[in-house]
Amino acid sequence: SKHVFAFRTPPETAAVLKRAGFHVLSTANNHSGDFGERGFSDTMANLKAQGITAIGRKGQIAYKTIQGVEFAFIPFSYLRAHSNVKDLDGMRTLVRTAREKADVVVISCHWGGEGEKFLHTKNETEMFYGENRGNLIAFSHAAIDAGADLILGHGPHVVRALELYKGRLIVYSLGNFIGYGALSSRGKTGLSLVLAVKLDGEGKFVSGKIIPMNMPEKSLPRYDASGKTIQLMRDLTRSDFPRTRLQISDDGTITTAQTITLGE
């Protein structure tokens, strides 16, 4: 028998997300249409009512001024109903539009295969359940070439590697954060994080920090003092992008590796 997952969450969850400190949320994903256009519109309205900027409709860009810097946020998924990670020309047009107004362009992508079989990121199209879920590396590099500054991936239900490309940070998957009891937290799927990123005024990566979390019960996030997420993301970054200039320390601090030239 085939399992069909149709996710919904009580509307009052929006207030919890607001209290937790979320200001911008993407609804461009493979479950935001589970309850049709009505469900999608209700979600957008419930988030907006809490003062959260919700983005997810095709072609949508949100602008926000943060500490005097103009940010643009663009959400993508692998579905035609949203701005699509497989449409690179469409992406370039959106990034160019965002660049006209914004100093820093942040892209959020729901993409990729799911589960521990998809921990590694390769420069190839990822197929899952017969669906083309994008070439994550090709898209990210093309987006940064077009003028994007930070790429935040999600969807695989596991964390993935980090890459620095042209001075810009790519996070191929942030894994799961909260699941309202509906997500597996077995093994590596239960490892999560809060990512802090420091950018300069032009969007170039300065430094970052992996704050390790896990999901011990009912898919709810907890701080994980053992830091397993840090080790996993470091291992994945080293194996998948051995030439990338990023270093992840034991406490989760992410820095750019400096090239040291030995003396004359």
Side-chain angles (χ1 to χ4, degrees), residues 14 17-29 32 40-41 43-77 82-85 87-111 134 136 138-155 162-174 177 193-211 245-246 253-256:
L17 292 171
K18 176 72 176 172
R19 258 206 332 276
F22 290 96
H23 298 94
V24 182
L25 290 175
S26 165
T27 56
N29 64 67
S32 57
F40 188 85
S41 300
T43 298
M44 300 295 266
N46 288 329
L47 291 168
K48 191 179 177 185
Q50 291 295 331
I52 294 171
T53 302
I55 43 171
R57 294 197 183 279
K58 199 178 189 75
Q60 201 173 9
I61 305 171
Y63 298 94
K64 250 183 161 22
T65 307
I66 303 161
Q67 295 175 357
V69 179
E70 187 74 15
F71 280 76
F73 296 90
I74 318 174
F76 290 83
S77 84
H82 310 128
S83 299
N84 194 321
V85 294
D87 175 11
L88 296 187
D89 285 336
M91 172 274 288
R92 290 182 186 106
T93 302
L94 283 171
V95 171
R96 275 197 295 272
T97 303
R99 271 252 82 92
E100 284 169 19
K101 274 181 73 171
D103 306 302
V104 178
V105 176
V106 179
I107 284 180
S108 163
C109 296
H110 201 82
W111 59 10
L136 284 52
F139 175 92
S140 299
H141 289 191
I144 290 167
D145 289 343
D149 298 300
L150 176 64
I151 316 282
L152 300 172
H154 40 84
L162 307 173
E163 186 189 11
L164 196 68
Y165 176 76
K166 295 188 174 175
R168 268 69 184 175
L169 183 67
I170 305 165
V171 186
Y172 283 103
S173 178
L174 289 161
F177 183 66
L193 73 152
V194 172
L195 180 71
V197 179
K198 190 175 177 185
L199 307 174
D200 69 13
E202 295 179 339
K204 272 204 168 120
F205 176 75
V206 177
S207 63
K209 181 143 191 177
I210 295 165
I211 299 151
R245 289 178 53 248
L246 286 175
T253 302
I254 308 162
T255 48
T256 52

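Among residues at least two apart or in separate chains, there is no salt bridge (charged side-chain N to carboxylate O under 4.0 Å, His left out) pair with a member in residues 63-72. Contacts classified as salt bridge (charged side-chain N to carboxylate O under 4.0 Å, His left out) and involving residues 100-110 (residues at least two apart or in different chains) are not found.
At a threshold of 4.5 Å between non-hydrogen side-chain atoms, the residues Val95 and Thr97 do not count as touching. Side-chain contact between Ile151 and Tyr165 is absent, with no heavy-atom pair separated by less than 4.5 Å. Arg99 has its side chain within reach of Asp149: a pair of non-hydrogen atoms, C-beta onward, lies under 4.5 Å apart. Annotation: side chain of Phe73 is not in contact with side chain of Ser26 (no heavy-atom distance under 4.5 Å). Here the side chains of Val104 and Leu150 are not in contact, with every heavy-atom distance at 4.5 Å or above.
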Could you tabulate the donor-acceptor pairs under 3.5 Å formed by side-chain atoms of residues 199-208, not counting sequence neighbours?
residue, atom, partner, partner atom, Å
Asp200, OD1, Glu202, N, 2.9
Asp200, OD1, Gly203, N, 3.1
Asp200, OD1, Lys204, N, 2.9

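Using bins of under 30°, 30° to 60° and over 60° for the plane-to-plane angle, the ring pair His110/His154 lands in the tilted bin. Aromatic ring orientation, Trp111 versus Phe139: perpendicular (interplanar angle above 60°, classes split at 30° and 60°).
Contact between Met91 and Ala146 at its shortest, heavy atoms only, is SD-CB, 4.4 Å. Among all heavy-atom pairs drawn from Ala142 and Arg92, the shortest one is CB-NH2, 3.9 Å. What you find for Leu164 and Leu169 is that their closest heavy atoms are CD1-N, 4.1 Å. Taking all atoms of both residues into account, the shortest heavy-atom contact from Cys109 to Ile107 is SG-CG2, 3.5 Å.
Without hydrogens or angle criteria, Ser83 side chain to Phe76 main chain gives no donor-acceptor distance under 3.5 Å. Between the side chain of Ser32 and the backbone N or O of Thr27, at least one donor-acceptor pair lies under 3.5 Å.
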Pair Ile170, Leu136 - check side chain to side chain contact (heavy atoms under 4.5 Å, CB included), show working.
CA-CA 10 Å; Ile170 305 165; Leu136 284 52; over 6 Å; no

In sequence, state the C-alpha distance, the side-chain angles, and the governing distance for Ile254 and Leu195, and then conclude on side chain to side chain contact (heavy atoms under 4.5 Å, CB included).
CA-CA 10 Å; Ile254 308 162; Leu195 180 71; 3.9 Å; yes

Check against side chain to side chain contact (heavy atoms under 4.5 Å, CB included), His82 and Asn29:
CA-CA 8 Å; His82 310 128; Asn29 64 67; 5.7 Å; no

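A donor-acceptor pair shorter than 3.5 Å can be found between the side chains of Arg57 and Ser41.
Just one of Val171, Val194, Leu193 meets the side chain to side chain contact (heavy atoms under 4.5 Å, CB included) condition when paired with Ile210; it is Leu193.
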